[in-house]
Structures are given as C-alpha cells and as structure tokens.
Chemist: 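Following this message is one structure expressed as structure tokens.
Just so it is clear, the model here is predicted, and its values are computed rather than measured. Counting convention: from 1, in listed order, for ligands and their atoms alike.
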Amino acid sequence: MYSLLSFVLFLSFLLLFLNTAFSDPRATQAALVCTNRTAATPDRQTFIANFLAAMDSVTPQIASQRYARTVEGTGNNTVYAFGECMKDLSQNDCNLCFAQCKTQVLRCLPFQKGTRGGKIFYDGCYLRYDDYEFFGEALSPADRTVCGTTGFGGKRTAFRVNALELVKNLSAEAPRNDGFFVGSVDRGNSTVYGLAQCWEYLNASSCRSCLQSAVSEIDSCLPNVEGRALNAGCYLRYSTDKFYNNSGTDAVGGDGGVRHLATILAVVSSVLAVVMVVATVIFFGKRKLARSRRERKQLGALVTVVNKSELNFKYEILERATNYFSNSNKLGEGGSGSVYKGILPDGKAVAVKRLFFNTRQWVDQFFNEVNLISTVHHKNLVKLLGCSITGPESLLVYEYVPNHSLAQYLFDKRNAHQLTWDMRYSIIVGTAEGLAYLHEESRLRIIHRDIKLSNILLDENFMAKIADFGLARLFPEDKTHISTAIAGTLGYMAPEYIVRGKLTEKADVYSFGVLVIEVVCGKRISSFTQDSYNILQMVWNLYGSARLYEAVDPSLASRFQKEQASRLLQIGLLCTQASAELRPSMSMVVKMLTDNHDIPKPTQPPFLNSNNVGPSSISPGAYNSRPDSYSQSSGNDMTESWIEPR
Ligand SMILES: *[C@@H]1O[C@H](CO)[C@@H](O)[C@H](O)[C@H]1NC(C)=O
Ligand SMILES: *[C@@H]1O[C@H](CO)[C@@H](O)[C@H](O)[C@H]1NC(C)=O
Ligand SMILES: *[C@@H]1O[C@H](CO)[C@@H](O)[C@H](O)[C@H]1NC(C)=O
Ligand SMILES: *[C@@H]1O[C@H](CO)[C@@H](O)[C@H](O)[C@H]1NC(C)=O
Ligand SMILES: *[C@@H]1O[C@H](CO)[C@@H](O)[C@H](O)[C@H]1NC(C)=O
Ligand SMILES: *[C@@H]1O[C@H](CO)[C@@H](O)[C@H](O)[C@H]1NC(C)=O
C-alpha cells in the first residue's frame, strides 16, 4: 500500500517537474553584430538620447504584443528599433529574454566612431537598432551563420540529409504560418529539431526568400550538431537538442512524444490519486507518522527544510492574501516581477513579489539566498520576510511600506509639494546610509544594481527604505543567476557596467548620484525629452559657472538652502563621474552629507559632448585615464575608451 502511495507522490512530483521545467527564456546570446558605417554623422549625444528613448518605448510593446517597432528623433539623429520574441516562448519568458537582450545591445552603442547600429540575436528573442529605416529588410551583408562546435558522432550522412530536409520543410511552412514553424525529424539514431521564424515586418514573399537564403547558409554548418542562420529578417536553427516549446504550435514530423508521455502520466496519476485518496481515508489516523516519513524521503530533504522554515510561506495563503493577485492589489511592476499588497491571515500587511522567472531549477540556491538576505537588517532597507518556492510560481515576501515610492512623490503633481527640502535631504541621507550598509557594513556585501527613484520607498515618517536589494547580485560571485534577469534601468547605469558588464559597488554609487540629482532638480533622468535627458549636462554646466542652486526643483520656489543644495548637487556630480575609481565610496558620501566634510571637485560625467561648455578649470587628465581594468573579457570588439577625449 505504502509503496503505491510513494509511487503516486513520485509521479505527481515528476509531472509537476515536466510541466514547469521547460520554462526557459533561452536568453543565451547567439550573435551580437554591431554595424559600422560612416554615411551620416549624427550628433552623438542626441543619437544616444534617441536610442535610449527607443529602448524605453520598445519594452512595453514587447510586453503587450511580443514584438516592437519604434522610431525616435529626426534627421541624421533618428534611431529605428525593432524587437521580437520567438513565437513559442511564453509571455514571461519573452519579457525575461528581452530584458536581458536589451542590456546587451548597449554594447553596440556609438561609443566608437562608426558604430551606428546593432543586432543582437538571442535564442529566444531579437533586438535591432539602426540609423536607417530597416523595417522590411530581409537580408543584409552583416548576416551571420553560427555553427555549433561539436561534430555529429553518429551517422553523418543520414543526419545531414535529415537536417537539411527538416530546415527546408520548416522554411517552406513558416511563410504560410504567420512566419513561424517548429518541427523535428526522428529517423532511427538522429533526431533533429528545428525552428524557423521571420520577423513580424516581413510579408510572406520576403519571408520565403529570407528563409531560403538561410537554408543555404545553414547548410555550411552540417553535419555539426547545431546550426543557426541569423539574417536581418529571419532566424533559422536546427539542433540535436529539443530547444523549443511546441505545446500549442504546429509541428513538422512526428514529435509530441513528451506531451504524450505527460498525458499518460496525467491519466495514470489521476487514477492512482483516486486510489490514494480512498487508501488515505482508510488508513487515516492509523499510520500517519509512518506516511509522512515516507513522503519526506520521497520529496527530498530540501522540501522538508523549506516547509519547516519560518521563511517559507504557503502559496495558497499568499494567493488569498493578495486576493488572487488582483489588479487592485497591484503596487507596481519591475524588471523581475510584479508586486502586490497582501494581508496575511494574522492581519499583517506584506508586499508579495511575483517573479517573472521560475526558481524551480535552483530551489536550493534560491532558498539559501533568501535565507541569507533575510538576515540583513537596517532602518533604510525594506526587510525580506521570506518566500514561496514550492508552489506553481516563485514569490518573495517583503515588509509592506505604507507610503509610495519616491518616483510617485516627486512626479505625481498631487504629491510633489509634499516633499519639502528637509524631507528630500533626509531621504537622500537615508538612501546613502542604506547603501553604505549594503556595501560595507553588512556581512554579505551586496551590490544593489538597480537603484532608482521607484526602488526608494517612503514609510509613514517619510524615511527612505531601499527596496528590492534582495535580488541584487551577491558579492563576489553570482550563484543564483537571478540578477542576470534584472535589467538595470538605462539612465541609471554606470558606463563601465553598460559597456563591459563590470559590476562593482561603484555602479551603485553612479545610480545614487543620478538619483540625488533627480531629487534635487525634481526632474527625471529617464524621461528623454531632449532637454530633460540632460539634467546631468545641465547640472554640470551650472557647476562650471558656480550657479548650481539654479538647478533646484522650481516647485520648491525659494524654500531650500542654497549652500546645502549646491553641496548635494556637487556630490551628485562626484558620484556620476565617468571613471569608477574617482567616485567616492558610499560611506564617504555619508560623511560628506552629514559632516561638513570637504567635497572634492568632480570631473565630467559620461555621455556628454565635450564641445558643450564645461568648467575649464577641470583637468582633462581624468578623461584620458583608461577605464579600470575590466573583469569580463568579451570576444567582440568593444571600445576601450567609452568617452572620446578631445
Ligand atoms: C509553451 O507554449 C504554450 C503555448 O504557447 C504556453 O502556454 C506555455 O506557457 C509555454 N510553456 C513554456 C514553458 O514556455
Ligand atoms: C569600423 O570602421 C572603422 C573606420 O572605418 C574601422 O577602423 C574599424 O576597424 C571598423 N570596425 C569593425 C568592427 O569593422
Ligand atoms: C546629415 O549628414 C549629412 C552627411 O554627413 C550632411 O550633409 C547633412 O547636412 C546632415 N543633415 C543634417 C540635418 O544635419
Ligand atoms: C513584400 O515586401 C517587399 C519588401 O518590402 C516588397 O518589395 C514586396 O512587393 C512585398 N510583396 C507583397 C506581395 O506585398
Ligand atoms: C518534409 O515534407 C515532406 C512533404 O510534406 C514530407 O514527406 C517529409 O517527411 C518532410 N520531412 C521532414 C524531415 O520533415
Ligand atoms: C544507429 O547507428 C549505429 C552506428 O552508426 C548503427 O549501427 C545502427 O544501425 C543505427 N541504428 C538505427 C536504428 O538506425
């Protein structure tokens, strides 16, 4: 009897695994192609501003229709952008893949003369920007073929024939099927899987010619176990691994074995489940202890640990607490998930973050991390209370902070007047103290990675509380892969992080500097109308002419202290210096804010054209110093100096 019970449990567990383990955003890079032209000469600064605006408008489009197309700016500075997810990805995986993709395309920003565009191919999504209208383009000279390195060990010729036939079939079917087709061929030894997709903007005839060309390109990869043709208008891939999700899509060839198995398992296990219920009723009370011991053994020691832990919240309870994740409970949405307000059965209010990605594959590491992070306490940090990882979705539970975020207070017209100068000052000090704690005092050394207005929450006394540090990358190495999913918000990202992915505490210092300037000026860095993008520029210019206080939020009228405001802005500039080494540490910043400590002279922030008037008293040496040695070496030809000294 009990072996049957265990078997049923085992089956249910297996089923659960089958249903969820396939979730994969395929956020692996297949190719990054930066285009290099010298045709028009855009004004670099405006071009970058337009690029950032384009990236901002692409994201919500992806989230609603899975592809995006946008045009920003005018004349030689126009930026065109297009992005799309593979059609077999779920919406969550699509968002996740795209968030990742977006951070990497920054590597093709025009930091170097000649770079005017970039294409990035992920196995789950695609993103391109350029300085000309490429919508409708099927092929371009920069098209790539990327072949797997390992050769095929089995029947070479048969494999080759089958794979070629498969990609031909897919390429013929896709134009007739909304530009997308997946399938496999399984003849004896050599199963091959394939996927063909044309980008949304291609009509059927262009799609056909794009894929036809892709077939002849991918032919050069055979008989390697994997091949991809990456064209301007389409993507074609074959592999001996089943890499796509074909539930709910048509397929060439005889696939569906996994689905079949899942169905059989579902039927078998539901029949057995009935038996189990009957059996349980019969034996209920008699051998309760023995059963639970058996269950635990079967489900693994980990689940027991998790279930016993105070950090574990039952999924069902959180579901009810948030009114089944109803929209009226939604507090906001971030790079890694949506946040809902919930009331626990004991009446306690919490904030529940519903993660976009599933942690099922790394439950143990994830739980360990939650365990560690929940030990971090500071008055300026939002406390992590626990998580739910054994339910259908992964959830994080945070302390609920009653007031809105700083973004809502600063930019919602009804709230703006409430933030007095003194409040702003103490919010900045609190944020600095919280960050200094994360970086230098906490046992863990946490880099936040996503400091921005909407991540600074305010409690009932308007004290700053930094949210979301729970997802930050743990120092020194990222074991969880969670953070790779969080796309930092563009305007806040330090240049060395954008260009090289180099992440140190100094990247947080940069974001903090941007935040200080935003809070003092009452302007957003990320609203890219031509002039407000440049609040950094504006502050820098005013610094040069010793009129820093003119940058202060006009809604404060004269209700602020000039001296204090100038000091704050100077600290902001100090933190946003192009060279990470020159930026102060957060504990230094706290000293500058609280003592009457001397503030060093800042050098120029990044991304500014030096033909804009800046203070002439600043030594140019700082621009010429090479950026610090980068930890991540990457294969593509990236600029060594992302600021052009002149
Ligand atoms: C697979 O595709 C189906 C249908 O599009 C979708 O409902 C499901 O969530 C996808 N599964 C994964 C794991 O991506
Ligand atoms: C881009 O163009 C510049 C100037 O024409 C050249 O020096 C550079 O090597 C090119 N880079 C690539 C990757 O082709
Ligand atoms: C655009 O670039 C071309 C070539 O560099 C130049 O001749 C033209 O004047 C520029 N147009 C504008 C509006 O700046
Ligand atoms: C498809 O698009 C191409 C390129 O935009 C165009 O030349 C062609 O006429 C279009 N074909 C049809 C049937 O609309
Ligand atoms: C390709 O299509 C033909 C005709 O529909 C079919 O007979 C053949 O089995 C297909 N081959 C593969 C590899 O799917
Ligand atoms: C699989 O490959 C081996 C060696 O290449 C061959 O001997 C065998 O017959 C193949 N099996 C099938 C079912 O094709």
Chemist: Is it the case that S205 and N203 place a side-chain donor and acceptor less than 3.5 Å from each other?
Modeler: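 Yes.
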Chemist: Please determine if R26 forms a cation-pi arrangement with F243, meaning its NZ or CZ atom is less than 6.0 Å from the six-membered ring centre and no more than 45° off the ring axis.
Modeler: no
Chemist: For atom 14 (O) of ligand 4, is there a protein heavy atom at a distance under 4.0 Å?
Modeler: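 True for atom 14 (O) of ligand 4.
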Chemist: Under the 6.0 Å and 45° cation-pi test, does R228 pair with Y235?
Modeler: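 Judged by the rule, R228 and Y235 form no cation-pi pair.
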Chemist: Report the nearest protein non-hydrogen atom to atom 5 (O) of ligand 4: residue, atom name, distance rounded to 0.1 Å.
Modeler: G136 O, 4.5 Å
Chemist: Give the residue, atom name and distance (to 0.1 Å) of the protein heavy atom nearest atom 3 (C) of ligand 4.
Modeler: S206 OG, 3.5 Å
Chemist: Is it the side chain (CB and beyond), the backbone, both or neither of E173 that lies under 4.0 Å from ligand 5, heavy atoms counted?
Modeler: neither
Chemist: At a 4.0 Å threshold, what atoms of ligand 4 neighbour a non-hydrogen atom of S205?
Modeler: 1 (C), 11 (N)
Chemist: Got an N/O contact under 3.5 Å between N169 and ligand 5?
Modeler: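 N/O-N/O distance below 3.5 Å exists for this pair.
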Chemist: So, N95 versus Q91: side-chain donor-acceptor pair below 3.5 Å or not?
Modeler: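 Q91 and N95 do have a side-chain donor-acceptor pair below 3.5 Å.
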Chemist: Any protein heavy atom sitting closer than 4.0 Å to atom 9 (O) of ligand 4?
Modeler: no
Chemist: So that I can tick it off, tell me whether R176 and E173 are bridged by a salt bridge, with the cut-off set at under 4.0 angstrom between side-chain N and carboxylate O.
Modeler: yes
Chemist: Atoms of ligand 5 less than 4.0 Å from V185 heavy atoms?
Modeler: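 By the 4.0 Å cutoff, the relevant atoms are 13 (C).
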Chemist: Note the single closest protein heavy atom to atom 12 (C) of ligand 4, along with its residue, its atom name and the distance in Å.
Modeler: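 Answer, as residue, atom name and distance: N203 ND2, 3.2 Å.
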Chemist: Looking only at N/O atoms, are E165 and ligand 5 under 3.5 Å apart anywhere?
Modeler: yes
Chemist: Ring centroid separation for Y126 and W199, is it under 6.0 angstrom?
Modeler: yes
Chemist: Are side-chain N/O atoms of D219 and S216 paired as donor and acceptor at under 3.5 Å?
Modeler: no
